[in-house]
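The structure displayed is predicted, hence computed values, not measured ones. Counting convention: from 1, in listed order, for ligands and their atoms alike.
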Amino acid sequence: MSAAGFPDDFVWGAAAASYQIEGAADADGKGPSTWDMFCERPGKIYNGQTGAVACDHYHRYPEDVSLMRELGLQAYRLSLSWPRLIPAGIGASNPAGFDFYDRLFDALLEAGITPYVTLFHWDYPLALYHRGGWLNRDSAHWFAEYTERVARAFGDRIKVWMTFNEPQVFIDGGHREGRHAPGDQLRFHEVLRACHHVLLAHGQAVRALRAHVRETRVGYAPVTLTYVPSPGEPADVDALRTCMFQTNSHNLRTNAWWIDPVILGRYPEDGLAYYGGEVPEIASGDLETIAAPLDFLGANIYSADFVRRDRGGKPELAPVPHGFPRSAFDWPITPDALYWGPRLLHERYQLPIVITENGVSCRDQPSLDGTVQDTGRSDFITRYLIELRRAVAEGAPVQGYFHWSILDNFEWAHGYKHRFGLVHVDYATQKRTLKESARHYADIIRTNGASLPDVEHGC
Ligand code: GCO
């Protein structure tokens, strides 16, 4: 452990995702994804924007890797575009797709940056969607086949893998709410069936990775819905724990329903009782498949809900105080989410934790002198990392932190309205500009956190 309070082998990185930065949406043999389809549907994306070009990372990756090297990133979390590699999702591979990732990985490794690869970050092959997508139990096998193919192709260089990014969001947002691709609003029992097939796919993919990648580390990157004490209230750990792991809603942005089966080998009892007859058929052997052992649990943590107890002593969500700091997305800025999230995740799941995403959307634009003075993001990083350091100091085995995102990029239904990048992207010219926060983060990386102020709390 360094004097700064982070382990000597702590990994400092940044993250992005294929559909959000690559562009080249129909170049060089890539097949269409559900996001390519969804972006074409009127009214679904802010100002009718799409990921067709995005940050043109597909062509500009050498410059982007060079910027990552300039920041001193030790690792870079990226996702593979399944339809760029296998245009129809199953069947013939696209050599140009494999060639792109070969070149990207070689550039990252040459720059001394370890790739952390997410197999799926939402850009689902459209051809498989037309075969039933996640509603079709074969989807688990399709995903396992894709996994085996990329494991065989890249496993000599890629040792750290995550299966899914935020399944809560692509299933709930994309199949219940309809706000994300493919834009479906299924009946709830169908949504739970799709969820079950995603979890089966996860388990089968873990097996495929272990079979075809020597000395691999395999994780999973759900979003972690986090809860913190309401400002001015005492830390009521039991209330936070209850809110964090209860399953009693038809909104599937929850934790236990998605993580318990993967790590504990069972669905949470309260959820099974609450969903009752809507729970899908769980075939013999399914839960064993899903619970294939993992090496770490990823956690995408941004903002938390406030918790207090009601008059009857029951935990309840408390309102956000007037004037409380918020991001451009209006998400409350709650640094202690990076204390309570890792602490309670480790308490329940007893696995090492990797913060696979944390960041803030700001309305960044270059000043007259060409610099991007995003001091709000620098302050955000400082405050959240002070809280993460507190969790580590109290025993949470956090192995790394990936800032979301390396580049401003396509923020799904919000198009390019929100900027999360450490690097500003002028989408008209594709000019990249390191923001002030990039240099701030570079100092933190260089000193393994020692440049963070020595204060008790970031809140
Ligand atoms: C998510 C996704 C990212 C988002 C980021 C900001 O967590 O929703 O993983 O793709 O862009 O989190 O919302």
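Aromatic ring centres of Phe143 and Trp82 lie closer together than 6.0 Å.
In this structure, Arg77 forms no cation-pi arrangement with Phe402, as its terminal cationic atom is not both closer than 6.0 Å to the ring centre and no more than 45° off the ring axis.
Partner of His180 under the ring-ring contact (aromatic ring centres under 6.0 Å, His included) criterion, chosen from Trp35, Phe170, Phe38: Trp35.
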### Task
Decide side-chain hydrogen bond (donor to acceptor under 3.5 Å, both in side chains) for His418 and Ser327; before the verdict, give the C-alpha distance in whole Å, the side-chain angles of both, and the deciding distance to 0.1 Å.
CA-CA 10 Å; His418 290 278; Ser327 73; over 6 Å; no

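For Arg253, the CZ atom counts as densely surrounded, since its 6.0 Å shell holds more than 12 non-hydrogen atoms of other residues, nucleotides or ligands.
The residues lining ligand 1, counting any heavy atom closer than 4.0 Å, are Gln20, His121, Trp122, Asn165, Glu166, Asn300, Tyr302, Trp331, Glu357, Trp404, Glu411, Trp412, Phe420.
Looking at heavy atoms from C-beta onward, Phe245 lies out of side-chain contact with Ile259 at the 4.5 angstrom threshold.
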